[in-house]
Structure formats: C-alpha cells, structure tokens
Amino acid sequence: MNVLPLTPAIFYILLSLSTKNRHGYDIMKTVALDSANKIKLGPGTLYGAIKRLLENKLIAEVKTSHRRRKYYRLTQKGRDIFTQELIRYKEAVELAKKKKLFIPLYA
Amino acid sequence: MLNQKVTNFYRHLLHLYPSAYQRRFNTEMLTTFNDLYHDEVKLYGKIKPWFLLEMTTDTILNIINEHFFMIKKHGLLNYLHFNRYHLLGGILLSPFITLLSYDLIGRLVQGDLFHYNRAFYYFISHTFLYANYFGRPYLLWLIIVLAPIIAIIINLLPFIFLIVNIKQNNFSRILFSNFITFIIIFTGLLALLIVYGHDFFPCFIQAIYHRGLQNIFNIISICQKA
C-alpha cells in the first residue's frame, strides 16, 4: 500500500517518533509543539493514525511493563518513508528557490 | 465526581468502536483522554464545554471511519453478519414493503401525504389481495399481519439469545452486528402499527408535526377523532 505523500498528521507523528520512543499522549503533545499548535490531534484521530501506521509497519509497539500506556517506535521502513518525504519537501523548497518564489521565506 | 462522570461517558463512547479496535486501543485511549482532562483542569481550573464537544466529535468521526474501514475490508453483508434469518425476514416482509412503497408513491403523486391514497385503496380492495376466503381477506392478512409477525419472531429469538449469552458489555457488537435485525423488527412492527391503527400512522406523524412533542400522550385520542 502506497503511503506517500504523508498527510500532515502522519508526518508530524513520524517526526515525533524519529527522536525517541513515545506513548500516545506524548505523541499528541509533541505534534502540537512541533506544528506550533497548527495540528491538534484528538484521541480518535491519533489512535486511528497509529492503527494505520502499525498496519503499514511504519511504527511498532515497544514492549514495556506499563499496562496502561503503550510506547511506539519508528521502524526502519518508517524511517525510510519519512526520509523520502523529507527529501520530497527539500526538492520542493529548492525548486521554489530556483524559481525565485517566496524569497523572504529563505532569505 | 465530575471527572468520574466524564470518564464514564467517554468509556461508553469507546464501546461504539469495532470489537477488534476496542480490544487493541480502548485502554490507551481512555488513559490519554484522562491526561487531556487533567491538562484542561490544570489550565483553566475547570472543564470548558468545548473540551468535551471537541473530544466527542473527534472520537465519533473516527468511530464512523473505523466502521467504514471494516466494511471496506470485509464487505457490507459480512460486516453486518447477514444470515439466513435476515434473508427469510426480508422475503417475508418484501410483499408488505412493496405495498407500502406503492402507497407512499401514490400519496406523493396525489400531493397529500396525510390522506389515504385512492389508487392504492382501489388496488387493495378490488384485486386478488382482497379475495375472500371463508369470508375474510386472508391473503392480505397474511401479507400485512402474519408474515411480519413471523419475521419479527425469527429475528428476535437469536438476538435475545445473543443478549443473554454475551459475557461483556459490548454495545458496538450488539448494535452493529444486528443492524439488519433491528431493521427487520422495525419494519415488522411498522406493518402491525399501520394495520391495527388503520390510518393511525400518517395521523401520528401529522399530530406531532402540528401539535409538537409535548402532546405525544394525547396522540391516540387526537387520531381517533381525526
């Protein structure tokens, strides 16, 4: 199943897991912080996204002794997909620079 | 106290998810919800109305999404657990549904939903449907009374068996795996209501429309005078 391009919510979830393993609430807070509150995930949206990511093997559950909180980590496949997406964003920005579009953004 | 009520409300809401999803994520979702609740109280000193609205809306939309996802994965009939009782119930109710559709279309064509449909009345009273056997129109009675009763019974019994034997409170399973059962039972009861209320049904709707729900207890006497 082709997961690219990533939706903004999925992008930020993978971004939050790229630095360390996190549980759901932690992912929620990190996404809000990283996106400057532009993306606010409710529990329904968050766990729906986590379910898709688990099914597509982009993330995996980390075994812990904690019963009520489950931690998640980025898999190698998830890391590769996320990297591809970052490269896509980089290419888009470089193209915009080349065409001299929105110069104040990267002046 | 409020925290317990709010948490219980959210816990019951989570029961609407598909069973597999509930087993996997319910505990985590409830824990995350509690964390968000405590954050809200810490920030504002109390729960703002939009907090619960936002959480509920977000969860309900995702519940619908998950059910659609399951339907896409398993197919609609498999997902709704379509079985032989539903098939039999559908066959028994199909003549009644045909007659009801004929009546409704006739009422729309005549431009008046609340009075009897002349064309339909003629069809019922002057064709084989009203043929008298031993002095009574048994065929019509079979279609609109006996068949719906049998359809209700053969669908209600397995459902009651399920309710009695279900080990945990799984409202989602009861509701979504018996959706067709509810439709068949409702249609059967509708047939009986129309028959035994004669023109009661459209009068019922008319009375509520004109007189409001507060007069619901007066409906029967209003319709008897109509």
Side-chain angles (χ1 to χ4, degrees), chain A residues 1-3 6-14 16-17 20-75, chain B residues 3-4 6-44 47-74 172:
Chain A
M1 185 177 151
N2 190 14
V3 295
L6 299 176
T7 62
I10 300 283
F11 177 84
Y12 278 101
I13 291 171
L14 294 180
S16 72
L17 291 172
K20 67 176 205 172
N21 299 342
R22 298 177 194 274
H23 56 72
Y25 178 67
D26 195 8
I27 294 173
M28 213 181 259
K29 288 288 158 191
T30 312
V31 166
L33 193 68
D34 289 345
S35 65
N37 280 328
K38 288 194 189 79
I39 296 184
K40 283 177 123 181
L41 301 173
T45 312
L46 173 68
Y47 286 98
I50 286 177
K51 179 175 173 269
R52 304 276 178 275
L53 289 169
L54 285 168
E55 282 171 357
N56 285 304
K57 296 185 172 39
L58 299 189
I59 66 174
E61 201 182 310
V62 177
K63 300 281 180 205
T64 60
S65 54
H66 211 296
R67 261 186 63 232
R68 297 176 73 80
R69 292 195 195 282
K70 289 189 178 151
Y71 282 74
Y72 300 96
R73 62 172 179 83
L74 208 54
T75 59
Chain B
N3 181 20
Q4 194 59 43
V6 169
T7 306
N8 283 340
F9 164 75
Y10 196 73
R11 184 184 295 114
H12 289 308
L13 186 64
L14 293 178
H15 284 142
L16 294 176
Y17 272 104
S19 312
Y21 188 101
Q22 284 187 50
R23 279 192 297 273
R24 178 66 185 79
F25 291 113
N26 265 17
T27 311
E28 281 178 82
M29 287 183 77
L30 201 55
T31 307
T32 306
F33 176 79
N34 277 326
D35 290 335
L36 290 168
Y37 177 91
H38 287 116
D39 276 354
E40 185 80 1
V41 169
K42 218 177 188 177
L43 203 58
Y44 299 108
I47 288 295
K48 297 277 184 182
W50 64 73
F51 170 77
L52 205 52
L53 184 66
E54 206 180 314
M55 294 292 120
T56 309
T57 311
D58 171 71
T59 304
I60 286 175
L61 287 174
N62 199 44
I63 287 169
I64 294 168
N65 198 30
E66 286 303 318
H67 281 289
F68 271 125
F69 183 73
M70 293 293 278
I71 287 169
K72 202 174 159 185
K73 191 177 174 186
H74 298 288
S172 173

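Hydrogens, waters and symmetry mates play no part in the numbers below; they use all other heavy atoms, side chains included. Residue numbers start from 1 in every chain, and the chains themselves are labelled A, B, ... in the order their sequence lines are given, proteins ahead of strands. Everything numeric in this text was worked out from a predicted model, so none of it was measured.
- Salt bridge status for A:Glu61 with B:Arg24: present, with a side-chain N to carboxylate O gap under 4.0 Å.
- Between the OG1 atom in B:Thr59 and the OH atom in A:Tyr47 there is a gap of 11.5 Å [rounded to 0.5 Å].
- By the 4.5 Å heavy-atom criterion applied to side chains, A:Lys51 and B:Asn62 are not counted as neighbours.
- Within the 4.5 angstrom heavy-atom criterion, no atom of A:Leu41 approaches chain B.
- Using a 4.5 Å heavy-atom cut-off against chain B, the contacting residues of residues 20-30 of chain A are A:Tyr25, A:Met28, A:Lys29.
- In this structure, NZ in A:Lys40 is found 10.0 Å from CG in B:Leu36, a value given to the nearest 0.5 Å.
- Of the listed residues (B:Asp35, B:Thr32, B:Thr31, B:Asn65), the greatest number of heavy-atom pairs within a distance under 4.5 Å of chain A belongs to B:Asp35.
- The minimum heavy-atom distance between B:Tyr10 and A:Pro43, with the atom names listed, is OH-CB, 3.4 Å.
- Contacts of B:Met29 with chain A are made by both backbone and side-chain atoms, with heavy-atom separations under 4.5 Å.
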